[in-house]
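Beneath this line is the structure, given in structure tokens, with notes to follow.
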Protein chains: 2
Amino acid sequence: MSITDLKFEIDRNSKTPMWLQIRNELFNCLYLDELRPGQLIPNEKTLVELFNVSIGTIRKAIGVLEKEGILIRKQGLGTFVFQHDNNSFLFEYFHFALNGSEEKKAPNVELISFTTKKANKSESKALKIPEGSNVYHIYNKLGLNKKFYIVDKIVISHDKFPSLTEEMFRNRTNTIYNLYQNKFNIFITNCSEKIKAISSNERISNLLNLELNSPILKIDRIGHTYHNEIIELRTSYVHTSDIEYIQSQNSMFGE
Amino acid sequence: MSITDLKFEIDRNSKTPMWLQIRNELFNCLYLDELRPGQLIPNEKTLVELFNVSIGTIRKAIGVLEKEGILIRKQGLGTFVFQHDNNSFLFEYFHFALNGSEEKKAPNVELISFTTKKANKSESKALKIPEGSNVYHIYNKLGLNKKFYIVDKIVISHDKFPSLTEEMFRNRTNTIYNLYQNKFNIFITNCSEKIKAISSNERISNLLNLELNSPILKIDRIGHTYHNEIIELRTSYVHTSDIEYIQSQNSMFGE
DNA sequence: CAGTGGTCTAGACCACATT
DNA sequence: ATGTGGTCTAGACCACTGT
């Protein structure tokens, strides 16, 4: 089932603008079609005929979807469902750099463990899955310049990644979110983080070669899809003597 | 000198689109005019005549400036230079909430000290002012629910805030950034932050009623204007047993 | 009511990428 | 050469705001 096979009914007298109706129709199609990253959508002229509106209205609708990060327009080529390319994805959600450095470098990553467990109460609540259903627990060490500074614990639902194996994880050629995207069609688009300062326990101290009770960051991240479906819980423990968490913020957002 | 008195020359054959030229011209005018927040800009029809282009082109230029957070359009009223209203500004750059709470509450603030010093080497470098020129050092305690969790150290250049006094600071009716905006026409629009975990020293421990060497966050924030002029250095020391740093991030930004 | 920005039209021409 | 999105026009009409 392709978009071009569908028939669309736009209400020209609705209180919601036509461009917004069209945006929503397109969004729905892409969602039903599982939002395959990299997928080409019909060109503007085709959409004009499908929706029977003027090209400016189509452009406005696509423009909004582009601002939302769902579509990307490429002049001369067409409009595509957005996908993180192999370079950009690396740094989208990696917030660390060496002290005083403004530019992020790709971290080196080492898998510590990969296990399947029954979700405990807080995990099942956070992931919105039944208590006792299967989850993966994945631990990674991350470093810069050959030294390790970060321990990541990842918790994801088995049901959302049924065929995931340790080998797939270990042998991935790219970031973890890229793996989710390319192998499971699951697309993490926004994350919320909560940061605390805590004292390192024995396990973290050993993994990061730290004194016991060193001050470290504990970062709880929740990764969502477009539709705010919660996909991943990630907790990072970070030794920040040589590196720091960096972040930049503008005062304003679009409409 | 008002915008409408100026004469604009748009190069119709330039490689840069007309809407971008217009955006830049408008931006410049607003900048020269000191970007008075809340200021009304000429209506679209007037701009059409000033720039001698079609209204769609004007709208595109204004749309970009709106996306950048510089202008805000109000249907039926006009287009204005954006200003943080008294509510929104409160939470723009305040990143803390009580554990597990998703919504931020306004913190209570208490001035600890307000002094003038000579800028040391790192301050002068960071603020891009001569070493030894005057800076204000301002310390605040911030809390939630009547308990204090945060100590803020603010460093700003005396030259940028020549008439600032402790009384102005203490008697402000709004946020600090609002004070900068309303009394000094200085408009902080973006901030970069660097976060580390450290152990509390004696001074911070006393101020926050903490054990010595408790793990705390140290957050170095640099506040910039539109033009990336550095205005303020702020270092926050945060006790995070009851509160946490919260942040949300989308994968994508506009064009 | 008059004035503002918001939506929409039905094109034209340009810049870019692929074949 | 063909097809794509990007820019731009010159309007029309609607929805909202304050008087």
Side-chain angles (χ1 to χ4, degrees), chain A residues 3-4 8-26 30 38-83 85 254-255, chain B residues 3-4 8-26 38-82 85 254-255:
Chain A
I3 292 179
T4 46
F8 294 103
E9 294 295 340
I10 301 299
D11 181 356
R12 306 183 87 87
N13 302 313
S14 161
K15 201 186 165 187
T16 60
M18 286 161 66
W19 63 260
L20 186 51
Q21 295 179 53
I22 292 169
R23 177 242 168 248
N24 291 335
E25 293 284 355
L26 286 175
L30 295 169
Q39 181 184 349
L40 178 68
I41 76 162
N43 67 35
E44 296 178 345
K45 192 165 158 293
T46 307
L47 292 172
V48 163
E49 287 159 12
L50 271 172
F51 288 100
N52 197 29
V53 296
S54 143
I55 194 168
T57 308
I58 293 292
R59 288 183 61 76
K60 170 92 182 179
I62 292 177
V64 171
L65 286 163
E66 187 177 32
K67 266 209 312 205
E68 294 179 275
I70 292 164
L71 296 180
I72 181 165
R73 289 191 269 206
K74 296 184 184 175
Q75 186 174 166
L77 291 175
T79 301
F80 302 83
V81 178
F82 181 82
Q83 74 178 326
D85 64 35
E255 25 182 71
Chain B
I3 291 180
T4 47
F8 295 103
E9 293 296 338
I10 300 299
D11 182 354
R12 306 183 85 86
N13 301 312
S14 162
K15 203 188 165 186
T16 60
M18 287 161 65
W19 63 260
L20 185 52
Q21 295 180 53
I22 293 168
R23 176 242 168 249
N24 291 335
E25 292 284 356
L26 286 176
Q39 180 184 349
L40 177 66
I41 75 161
N43 69 34
E44 295 178 347
K45 191 164 159 296
T46 307
L47 293 172
V48 162
E49 288 159 11
L50 270 173
F51 288 100
N52 198 28
V53 297
S54 143
I55 193 167
T57 307
I58 293 292
R59 289 183 59 76
K60 171 93 183 177
I62 292 178
V64 172
L65 286 163
E66 187 177 31
K67 266 207 312 204
E68 294 178 276
I70 292 164
L71 296 179
I72 180 166
R73 289 192 269 205
K74 297 185 184 175
Q75 185 174 166
L77 291 175
T79 301
F80 302 82
V81 179
F82 182 82
D85 63 35
E255 27 181 69

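Residue numbers begin at 1 in each chain, while the letters A, B, ... track the order of the sequences. Remember, predicted model here, so these are calculated numbers, not experimental data.
- Checking B:L40 against A:M18, the closest nucleotide of DNA chain C that is more toward the 5' end is the one next to B:L40.
- Closest approach of A:R12 and A:N52 over heavy atoms only: NH1-O, 3.2 Å.
- When rounded to the nearest whole Å, the span between CD of B:Q21 and P of D:dT7 equals 12 Å.
- At distances below 3.5 Å, at least one donor-acceptor pair connects side-chain atoms of A:Q21 with backbone N or O atoms of A:T16.
- Side chains of A:L26 and A:F51 form a contact here, defined as non-hydrogen atoms less than 4.5 Å apart.
- Residues meeting the side chain to side chain contact (heavy atoms under 4.5 Å, CB included) test with B:L40, sequence neighbours left out: B:F80.
- A distance of 12.0 Å separates CG in B:L71 from NZ in B:K74, rounded to the nearest 0.5 Å.
- C:dA17 atom P lies 16 Å from atom CZ of A:R73, rounded to whole Å.
- Residue B:S54 places its side chain closer to D:dA10 than to any other of C:dC8, D:dG5, D:dA10.
- Residue contacts for B:I55: at a heavy-atom cut-off of 4.0 Å it reaches a base atom on one of the strands shown.
- Atom-to-atom, CD1 of A:I72 to C1' of C:dA17 comes out at 15 Å; the value is rounded to the nearest Å.
- Here the side chain of B:K60 is nearest to one of D:dT7, C:dT7, D:dG5, namely D:dT7.
- Residue contacts for A:K74: at a heavy-atom cut-off of 4.0 Å it reaches the sugar-phosphate backbone alone, with no base atom in range.
- OP1 or OP2 of D:dT9 has not a single side-chain nitrogen or oxygen of B:R59 nearer than 4.0 Å.
- As rounded to whole Å, 13 Å separates atom C1' of C:dC8 from atom CG of A:N52.
- For B:T57, taking side-chain heavy atoms from C-beta onward, the closest of the listed nucleotides D:dT9, C:dT9, C:dG6 is D:dT9.
- From A:I62, atom CD1 reaches atom CD1 of A:I70 across 12.5 Å, with rounding to the nearest 0.5 Å.
- For B:R23 against B:L65, the heavy-atom pair with the smallest separation is CG-CG, 3.7 Å.
- Note: CZ (A:R12) to P (D:dC13) measures 15 Å, nearest angstrom.
- Nearest to the side chain of A:V53, among C:dT9, C:dT7, D:dG3, sits C:dT9.
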N/O-N/O pairs, protein side and nucleotides 17-19 of chain D side, under 3.5 Å:
none

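- Neither OP1 nor OP2 of C:dT4 sits under 4.0 Å from any side-chain N or O of B:K45.
- When the P atom of C:dC13 is taken as reference, atom CG of B:N13 falls 15 Å away, rounded to whole Å.
- Map B:T16 and A:K15 each onto its nearest nucleotide of DNA chain D; the residue landing nearer the 5' end is B:T16.
- A donor-acceptor distance shorter than 3.5 angstrom exists from the side chain of B:E66 to the backbone of B:R73, with no hydrogens or angles considered.
- Regarding B:L20, its CG atom lies at a distance of 13 Å from the C1' atom of D:dG6, rounded to whole Å.
- Across the interface with DNA chain C, nearest-nucleotide mapping of A:P17 and B:N43 shows B:N43 to be the residue nearer the 5′ end.
- Atom-to-atom, CD of B:E44 to C1' of C:dG6 comes out at 8 Å; the value is rounded to the nearest Å.
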